[in-house]
> 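Submitted below is the structure of interest, expressed as structure tokens.
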Amino acid sequence: MTRFNTFYQQIATNRLSHWLTSLPAQLSDWHNNNLHGEYQHWQKTLDALPTAKNGATVDLQNTVKVGELGDFTEGEFKRLENLMKKFKPWRKGPYHIHGLHIDTEWRSDFKWDRLAPHIADLTGKYVLDIGCGSGYHLWRMRGAGAEFVVGVDPTQLFLMQFNAVQHFINDPQVNLLPLGVEQLPELAAFDTVFAMGVLYHRRSPIDFLYQLKAQLVKGGELVLETLIVDGDENTVLVPGERYAKMRNVWFLPSGKAMCAWLERCGFSNVRMVNIDVTALDEQRKTSWIDTESLQDFLDPNDNTKTIEGYPAPKRAIFIANK
């Protein structure tokens, strides 16, 4: 909880101070009643990480990298690798930690490269990332100049992965909280809100869009990335029990339908800025996941379809303003 206490001290003096009326109680309840069975083991792994090197170079503009190979002794480096692998599966990345390449399942840098040319300048901005995973994009947002970056994701393994990277980068302006979007009050405090790869997991996508809107300052920007299907403004795929072997996929709108949803929720300047079919070099098996990946989710005889026969994953990025 020490990390959260530091966060409380930070927001007490910035535009998020009103969050203190609810957040400490929420996180206290989480810590006392909802810890994952492996949490204490993960915490011991964190505590065993080699000591971060003072003055190590950090690059968040082009990648997420801290330090160089050779910063640690051979024994320390091997310990670093063994300990970081205890946090598998690593989904989003990649990370480069003192010469250790964490080759994550997703090349999340590909997504960042697709969206970066289209978003508003993040310099000096307060930024929120909903469903941020291990926080790869939080670091890229900071590298793009954001003043204060907050990610929320309820998956506790992702929190541990973030804390492991934070152990070496040590940037107090970048934070991850183990919360879901439904636990956020109407903060109306962020200049930019990102929600990437989340909407199709929500049972009520319209409620979700209103929750995102409630976090933005007036005129703030929403950056939303989600799975889509081909079709007109009335086309929405509601898959059966599974989509690409995922159980919790509820609604896949067409691009035009997604724009209509955003406009119906009161967003302005709505536009779809990118469409991209998920490629096998962007999501794939590596030694850092030990689980199935995209190749296993597609029809082995037709990669344009999922294993269930639905259209293969196609992603689009939407930008809108409050």
Side-chain angles (χ1 to χ4, degrees), residues 1 3-31 34 115 119-133 135 137-142 144-156 158-159 162 166 171-199 201-226 261-262 264-270 318-322:
M1 295 294 287
R3 180 71 187 170
F4 299 144
N5 290 335
T6 301
F7 182 73
Y8 302 151
Q9 293 169 8
Q10 289 176 287
I11 67 173
T13 58
N14 70 25
R15 68 168 79 164
L16 292 170
S17 59
H18 55 301
W19 203 356
L20 290 172
T21 60
S22 60
L23 183 61
Q26 280 181 310
L27 292 180
S28 178
D29 177 70
W30 166 81
H31 189 264
N34 295 294
L115 67 86
I119 63 175
D121 185 5
L122 297 183
T123 302
K125 300 294 180 62
Y126 278 54
V127 180
L128 175 66
D129 188 2
I130 302 289
C132 63
H137 289 119
L138 302 179
W139 299 112
R140 298 305 302 270
M141 294 164 193
R142 178 67 166 154
E147 178 180 342
F148 198 70
V149 184
V150 180
V152 296
D153 197 298
T155 303
Q156 295 179 35
F158 294 157
L159 173 65
F162 171 81
Q166 177 70 278
D171 186 340
Q173 300 303 108
V174 182
N175 297 272
L176 193 156
L177 305 176
L179 301 173
V181 64
E182 66 280 355
Q183 295 172 280
L184 298 181
E186 296 184 6
L187 292 168
F190 292 96
D191 301 294
T192 305
V193 170
F194 290 80
M196 301 186 288
V198 181
L199 181 132
H201 291 313
R202 307 303 298 178
R203 294 184 183 184
S204 177
I206 300 301
D207 287 342
F208 178 62
L209 295 178
Y210 277 115
Q211 289 166 331
L212 299 178
K213 188 179 177 185
Q215 310 312 320
L216 284 164
V217 299
K218 183 63 177 176
E221 182 171 272
L222 172 67
V223 181
L224 185 145
E225 187 255 19
T226 191
W261 289 359
L262 287 163
R264 180 69 183 270
C265 292
F267 285 95
S268 62
N269 196 24
V270 176
F318 302 84
I319 296 180
N321 295 97
K322 180 176 179 178

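Quick note: residue numbers are just sequence positions, from 1. Note that the structure is a prediction, hence the values are computed from the model and not measured.
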> Between F4 and W30, what is the ring plane arrangement, given parallel below 30°, perpendicular above 60°, and tilted in between?
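F4 vs W30 ring planes: perpendicular.
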> With distance as the sole test, does K322 use its side chain to make a donor-acceptor pair with the main-chain N or O of L216 at under 3.5 Å?
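Looks like yes, one N/O pair under 3.5 Å.
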> Decide yes or no for V149 and N175: does some side-chain heavy atom of the first lie under 4.5 Å from some side-chain heavy atom of the second?
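No, side chains not in contact.
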> So, D171 and R142, do they make that salt bridge, N to O below 4.0 Å?
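Salt bridge: yes.
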> Check whether H18 reaches the backbone of L187 with its side chain - one donor and one acceptor, N or O, closer than 3.5 Å.
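Pair found, side chain donor or acceptor close to backbone of L187.
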> Measure the shortest side-chain to side-chain distance between V217 and F190 over non-hydrogen atoms and say whether it is less than 4.5 angstrom.
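The answer is no; the side chains never approach within 4.5 Å.
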> Are L222 and N321 packed together at the side-chain level, in the sense that at least one heavy-atom pair is separated by less than 4.5 angstrom?
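Side-chain contact under 4.5 Å: no.
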> Test your reading of the model: is there a side-chain donor-acceptor pair from D129 to the backbone of L138, 3.5 Å cut-off?
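No; zero donor-acceptor contacts below 3.5 Å.
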> Once you measure the plane-to-plane angle for F7 and F148, does it fall in the parallel (<30°), tilted (30-60°) or perpendicular (>60°) bin?
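Rings of F7 and F148: parallel, under 30°.
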> Would you say Q173's side chain and E147's backbone share a donor-acceptor pair under 3.5 angstrom?
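Checked: pair present.
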> Would you confirm whether E225, through its side chain, and A195, through its main-chain N or O, come within 3.5 Å as a donor-acceptor pair?
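No; judged by distance alone, with no hydrogens or angles, the pair does not exist.
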> Under 4.5 Å between any side-chain heavy atoms of D153 and P178, yes or no?
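No, too far: nothing below the 4.5 Å cut-off.
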> Can you tell me if E221 uses its side chain to pair, donor with acceptor, with the backbone of A120 under 3.5 Å?
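Yes: the side chain of E221 pairs with the backbone of A120.
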> Is it the case that atom CD in E186 sees more than 12 heavy atoms from other parts of the structure closer than 6.0 Å?
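No, the 6.0 Å shell around CD holds no more than 12 heavy atoms from other groups.
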> Could you tell me whether a side-chain N or O of Q183 sits under 3.5 Å from a main-chain N or O of G180, the two making a donor and an acceptor?
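Side chain of Q183 to backbone of G180, a donor-acceptor pair under 3.5 Å: yes, one is there.
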